[in-house]
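Some notes on the structure that comes next.
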Amino acid sequence: MTELLHAAVSPPNVLATGLLVFVLLYWLVVILGLLDFKTLDIQTGHDFDLPHDAHVGPDASGMGVSWLNHALAFFNLGRVPLMVFLSFVALPLWVGSILLNYYLGNSSFGLGLLLLVPLFISSLLLAKVLTLPFVHLFAAMERNHDEGARPLGKVCTVLLPATHERLGQASVQLRSGAPLMLNVRAASAASELKKGDTALIIDYDAARRCYLVEPYDAL
């Protein structure tokens with residue numbers, strides 16, 4: 001175990017270790033309920049804003065956006081949450097970096113960085129394969145969500161704090177079954193919803209895939 005820890009923080013493996021630690025810390029924060037696991041999600045099929053001073057022809061701009069969307073879709077990004085995909089990249093990248101540098105007897109950061117390039121590409125391709133079952137899982141969840149009655153006009157209970165800019169979570173009890181968990185944002189920039197507050201669901205933001213809510217007091 002000591003040798004593994006020493007190898008993990010050695011110069012040729014420090015970048016792969018850093019990525020793995022970031023992923024582990026993220027999931028720890030999600031488990032503690034401080035973040036939603038889709039907080040860093042990526043959506044495909046949308047236009048990307050260009051800087052105002054960038055002069056790009058309409059054909060070049062369209063091709064660039066199209067290429068990026070196709071690249072993201074190839075790796076299942078937009079169909080599975082970014083952090084789910086990154087988790088399947090970080091672990092094989094770290095294991096591959098540890099093993100490859102160990103068997104090559106490498107202790108150089110420069111060579112380790114060079115070796116990360118093929119390892120990263122291989123990890124991306126492996127993650128694409130490993131996330132295929134999750135593509136169907138999340139597609140089924142989205143389909144069930146769309147087919148079900150949207151809880152607009154219902155009162156929900158805030159579980160994770162939410163503002164107009166920060167995504168939170170809330171639960172709403174429908175006619176039958178377990179409470180429905182929703183990603184929510186405050187509809188107004190002046191509103192701030194805290195854990196335990198009640199809120200009224202007033203709209204659905206399709207672009208951000210969350211519900212817009214406003215504070216609600218039954219009294």
Side-chain angles (χ1 to χ4, degrees), residues 22-52 65 68-69 72-73 75-90 131 133-219:
F22 168 74
V23 169
L24 292 176
L25 288 176
Y26 180 86
W27 287 115
L28 177 61
V29 171
V30 170
I31 291 173
L32 293 176
L34 301 178
L35 283 178
D36 179 73
F37 77 99
K38 290 186 178 182
T39 299
L40 301 180
D41 204 1
I42 286 181
Q43 298 180 31
T44 59
H46 299 282
D47 293 335
F48 294 87
D49 294 332
L50 295 174
H52 295 294
V65 172
L68 180 58
N69 283 333
L72 293 175
F75 288 110
N76 299 326
L77 289 169
R79 294 186 288 176
V80 297
L82 171 62
M83 292 307 298
V84 172
F85 180 83
L86 192 58
S87 300
F88 284 102
V89 172
T131 54
F134 292 90
V135 171
H136 302 295
L137 174 62
F138 284 105
M141 291 172 61
E142 291 288 342
R143 184 169 58 251
N144 291 338
H145 178 272
D146 292 338
E147 290 176 353
R150 288 181 174 175
L152 298 181
K154 294 187 178 296
V155 175
C156 62
T157 302
V158 178
L159 302 178
L160 292 179
T163 65
H164 187 64
E165 300 298 331
R166 185 176 63 184
L167 187 71
Q169 277 193 339
S171 67
V172 58
Q173 181 65 55
L174 299 181
R175 293 182 178 178
S176 60
L180 183 63
M181 307 292 292
L182 306 174
N183 292 326
V184 298
R185 291 181 187 271
S188 171
S191 300
E192 182 176 354
L193 297 163
K194 300 178 181 179
K195 181 178 179 180
D197 288 352
T198 55
L200 182 66
I201 305 170
I202 62 173
D203 200 2
Y204 180 73
D205 187 340
R208 293 181 173 181
R209 291 189 291 183
C210 65
Y211 289 89
L212 301 179
V213 299
E214 61 181 15
Y216 178 79
D217 188 352
L219 299 179

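Because the structure is predicted, anything quoted here is derived from the model rather than measured. Computed from heavy atoms alone, side chains included, the values below leave out hydrogens, waters and symmetry copies.
For the pair V30 and W27, the minimum side-chain heavy-atom distance is below 4.5 Å. Between V213 and L193, the closest side-chain pair of non-hydrogen atoms falls below 4.5 Å. Side-chain contact between M83 and V23 is present, with heavy atoms from C-beta onward closer than 4.5 Å. The shortest side-chain heavy-atom distance between P161 and R166 falls under the 4.5 Å cut-off.
Formation of a donor-acceptor pair under 3.5 Å by the R185 side chain with backbone atoms of E165 is found in this model. Judged by distance alone, with hydrogens and angles left aside, the side-chain atoms of T198 form a donor-acceptor pair with the main-chain N or O of Y216 at under 3.5 Å.
Annotation: the span from E214 atom CD to S188 atom OG amounts to 8.5 Å, rounded to 0.5 Å. The line from SG of C210 to OH of Y204 is 7.5 Å long, rounded to the nearest 0.5 Å. Here the OH atom belonging to Y26 is positioned 8.0 Å from the CG atom belonging to L82, to the nearest 0.5 angstrom. Of the inter-residue distances, the one linking L212 atom CG with S191 atom OG reads 11.0 Å to the nearest 0.5 angstrom. Taking CG of D197 as the start and CG of L159 as the end, the distance is 11.0 Å to the nearest 0.5 Å. Once rounded to the nearest 0.5 Å, the distance linking CG of L152 with CG of L200 reads 9.5 Å.
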Practice task
Give the intermediate values and the outcome of side-chain contact (heavy atoms from CB on, under 4.5 Å) for residues L86 and F22.
Solution key: CA-CA 10 Å; L86 192 58; F22 168 74; 4.1 Å; yes

Exercise for the section: For side-chain contact (heavy atoms from CB on, under 4.5 Å), just list the numbers for L182 and V172, CA-CA rounded to whole Å, side-chain angles, deciding distance to a tenth of an Å, and then say yes or no. Expected result: CA-CA 8 Å; L182 306 174; V172 58; 3.7 Å; yes

Practice task
Apply side-chain contact (heavy atoms from CB on, under 4.5 Å) to the pair Q169 and M181, showing each step before the final yes or no.
Solution key: CA-CA 7 Å; Q169 277 193 339; M181 307 292 292; 4.0 Å; yes

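For an aromatic pair to be called close, the ring centres must be under 6.0 Å apart, and F88 with F134 satisfies this.
Between A170 and C156, the closest heavy-atom pair is CB-SG, 3.8 Å. The shortest heavy-atom contact between T163 and E192 is CG2-CG, 3.8 Å.
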